[in-house]
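I have placed the structure first, in the form of structure tokens, so that the comments after it can refer back to it.
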Amino acid sequence: MTSRAEPALPQPASVRRRNGMVERTLAGISQAMEHALFAEETARRAGLLQALDPRVKVLAMLALLIAVALSRSLAVIAGLYAVTLALAWASAIPLGFFIKRVWLFLPFFTGVIALPALFITPGPPLAQLPLGLAITRAGATTALFLLLRVSTSVSLAALLIFTTPWNDVLKALGVLRVPDAVILIFGMTYRYIYLLLRTANDMFLSRKSRVVGRLSGAEERRMIGASAGVLLGKSLHLSSEVYLAMQSRGYRSHSHTPSVATFVMRRRDWAALFIAALIAAAAIVLGR
Amino acid sequence: MLNSPAYMHIPDGYLSPLTSLILFILVLPFWYRGVRGLRRRINARNVPLIALMAAFSFIIMMFNVPLPGGTTGHAVAGALVAIVLGPDIAVIAISIALIIQAIFFGDGGILQIGANCFNMAVVLPYISYAIYRLIAAGRPITSRRRVVGAAVGGWIGLTVAAFFAAVEFGIQPIFWHAADGAPLYAPYSLSVAIPAMVIPHMLIASVIEGLVAALVVLYLQRANTPVLEMAERPAGAVEAEASGSVSRLRWLWVGLIILVIATPLGLLAPGTAWGEWSSSQLANMGLMFIPHGMAALENLWGAPLAGYDLPALGNTSLGYVLSALVGVALVAIIAWLFTRLFASAQPHEGQKEQ
Amino acid sequence: MNNETVFELRDVAYAYEGKQTALEHVSLSIQAGERVAVLGSNGSGKSTLLKLLDGLYFATHGVIRAYGQQLTEAAFDDDAFNFAFRRRVGLVFQDTDVQLFSPSVWEEMAFAPMQLALGRQEVEARVDDALRALRIEKLRDRAPHRLSGGEKRRVALASVLTLQPEVWLLDEPTTGLDPRSQSWLIDFIAEQGQAGKTVITATHDLSIVDAIAERVFVFDESHHLAAQGAAGDILADNGLLLACNLSHAHRHRHAETGEEHTHPHSHPPAHTHQHAAGSQGSTADVQSH
Ligand SMILES: Nc1ncnc2c1ncn2[C@@H]1O[C@H](COP(=O)(O)OP(=O)(O)O)[C@@H](O)[C@H]1O
Ligand SMILES: [Mg+2]
């Protein structure tokens, strides 16, 4: 484990006090910004995955994701999850944080869908519960499949994001034959998400500061209409201004914007790619 | 990993890779259409326009929207973006927002990008937009009907999207299960998945989707009408053909229904051949298995849509396809009734642009 | 200094969406190698003027020529013309969030030379030079949206510097800069001037005018060119500045003498203003509307 201080962990929604729409939206916004800041910070650390070519990481992530999805063995998926933990550890990502992050923020589906599966799935009962409910063996298997698959997949994606600057992730998509123009759009989207996040943040903060007491639901809804409308207007205005800024520097509709990626595959990159392919293949074969 | 904005985001692990792949392939023509449309109609402007609208969709998904009664939730904003940009371009903008959510924030699986884009970036904007146009019926930009159209469009659009997601889930236990019969992916049969997804959406998420679209349309009518005109202007973001062309919209409905059929069919084909699925085998795979204790609950859910399993049919696979069709037909009929209802309210002006 | 005319405007008007007037009856000309300032209060049309000069908007009335060629939409449809023009003229936008749209500083700076189809090595060399010239080597791999206001300004300049333009159009470049960065920017403009570049700066900051321009165009709030002349003369004319809402205080320091004056409240409005011709002896006479 690294000795570096863990960054503040954004609070999951359920932990926060029940609040008005403005507070909750503000909390969501700052959560997104903290996540991004945290990813940028860990991506700069010295670690195993940080030292690898982003293209290798993208390909390896996809291969392992597919292995997780195809595998029909719980043990194999659990093994892959252990691999992600080892990789996080080797990449200077605080392990406790990494685990919490994945499990606390498991998508809504996982809890809501996996739980009833315990009971609904038919099969011999494993444990009898009140109300005539029984946890079935098949139900437990199914729930475990869901939980393990989701957490392993989310961990794989998180590994990529926590060890690779977003810009490099984008550039690496070039290996998947994603066209340059699309990569340009993705980069720009990400960049302007920040600007709009900050705009939305300021908008809500300023409204919050002007409001004494709690807003009624109707007032909140009106505010949403106005805030979203203002943001939409601003987005459209920005888009035409940005277009001018691009034009001014020679951009044309048929312009070729070559990708500026200058990644070089070194020996360790090839080795990593080979190992990832091996693990994925083994997982698929063993998990048949 | 974010406080999940909308619970339509399917994570990895819920759909078999084959389902994900098929849905990915189904989205491709829509992406192609969107990109080609952009190139032809608004050429170079497309890059920043799409980027900013994708960023906008992303932000709107973070807005916490209160419903009367205290429930809160998040909109996908697919209806809103479709109303402003037209559905072809909305497909691209929402897809990009969803992809960034999947890769960067872990919302929705990376392998499920196709599935999530299909539900939220294709089905939602096209259906919402079709209904919005039908209800707006070419009425002036500041007409009340546009607000109603946005609300109903968003509501039906997301409900239909939820239905598609439910079908995608519901077919999982039919085809994929472990040796002991435990489902490998989403475990619920169509009869559980459809009501479980569709009913809460109808009550909450879809209401929010419609509400956000309507609120913003209302705001734009007061403060920024040119934005609302954008999708209508021939030179604007969307081709002129879109203006009130009902036949075109009808065509869209047909296309969507074909897709519904194609989804389960596409899944059947690569598995075992049709005939080899005995109904008992299917039954073993979690089609209609409910433990005694859950039966009552299941009946409660299943009651309004009891027909979904059509167990009387000899070929149960066909039963699934049919039940999927029935579901879509139901939603389509609701949508159609709504639009008729609003169209007949003001019959004279309603005819104008059609 | 050569006497080539870079820009020539004849009775130019521009209205947004055909309704919202932003400029009206503007006639002026700018020679190669000149440093000029475009002065005007908020909303007077400075940004619009720079966008017109950069061939981003096209005059709704009147004629704009750059290097003798009329700027029209059709002209820019011609790739060769577009290429030649974009290569010579660079605009730094007022809003750095508009200017900086790329995911990293390096790419931002490489954008223009790449569009102009320079070779990879040439692009890299230009970016490296510009990074060094603006002393922003450390920002090379940073994301523009993570930069401070001052850093953003420098990167915005850098993103045009890699174009190595002959004509700089700077839209309120000192906004949000601390005094040190501001004086650095003034030096930058002076250097470009000494290198024979034409530098056209839009600003409402009177304190920097005589440092960045020999000649000044003043726009009033009705979007007309109220006056033009040597920087010293314009700055000395408080009536004009007051009328154009550029000087709010009653007291004002004269640019050359440093004397303080107290101007009466009832200074006659000076929409009409006469000036001696500037050092070029060109068309810097009267512009009265
Ligand atoms: N995109 C736009 N659409 C409509 N009106 C605009 C737009 N940009 C500027 N204007 C209007 O044009 C006038 C001149 O604006 P601008 O050139 O930005 O002034 P300045 O740069 O001197 O502050 C103002 O009245 C402004 O409101
Ligand atoms: Mg301006």
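Throughout, a chain's letter reflects where its sequence line sits, starting with A, and its residues are numbered from 1.
- When each of A:Ile77, A:Val68, A:Val76 is paired with A:Leu148, the side chain to side chain contact (heavy atoms under 4.5 Å, CB included) condition holds for A:Ile77 and for no other.
- The side-chain heavy atoms of A:Leu160 and A:Val58, taken from C-beta on, include a pair separated by under 4.5 Å.
- When heavy atoms are compared at a cutoff of 4.5 Å, A:Ala200 approaches chain B solely by way of its side chain, counted from C-beta outward.
- No more than 12 heavy-atom neighbours from other residues, nucleotides or ligands sit within 6.0 angstrom of CZ on B:Phe24.
- At a 4.5 Å heavy-atom cutoff, the contact between A:Ile161 and chain B is made by side-chain atoms alone.
- With a threshold of 4.5 angstrom between heavy atoms, B:Ala54 approaches chain A through its backbone and through its side chain.
- Contact tally against chain A (heavy-atom pairs below 4.5 Å) for B:Asn224, B:Leu111, B:Val212: the top residue is B:Leu111.
- Interface remark: B:Leu15 contributes no atoms to any contact with chain A (heavy atom separation under 4.5 Å).
- With a 4.5 angstrom heavy-atom cutoff, A:Ala245 does not touch chain B via any of its atoms.
- The shortest side-chain heavy-atom distance between B:Phe105 and B:Phe58 falls under the 4.5 Å cut-off.
- Proximity to chain A (any heavy atom under 4.5 Å) is restricted, for B:Leu220, to the side chain, taken from C-beta onward.
- Contacts of B:Ile60 with chain A are made by side-chain atoms alone, with heavy-atom separations under 4.5 Å and no backbone atom involved.
- Residue contact with chain B, scored on non-hydrogen atoms closer than 4.5 Å, involves the side chain of A:Phe204 exclusively.
- Remark: A:Asp168 pairs with A:Pro54, A:Thr164, A:Pro165, A:Phe263 by the side-chain contact (heavy atoms from CB on, under 4.5 Å) rule, at least two apart or across chains.
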Donor-acceptor list for residues 222-238 of chain A side chains, cut-off 3.5 Å, not counting sequence neighbours:
{"unit_1": "A:Ser227", "atom_1": "OG", "unit_2": "A:Met223", "atom_2": "O", "d": "2.5"}
{"unit_1": "A:Ser235", "atom_1": "OG", "unit_2": "A:Leu231", "atom_2": "O", "d": "2.7"}

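- Contact of A:Leu156 with chain B is not made at all, since no heavy-atom distance falls under 4.5 Å.
- Judged purely by distance below 3.5 Å, without hydrogens or angles, the side chains of B:Gln101 and B:Asn116 never pair a donor atom with an acceptor atom.
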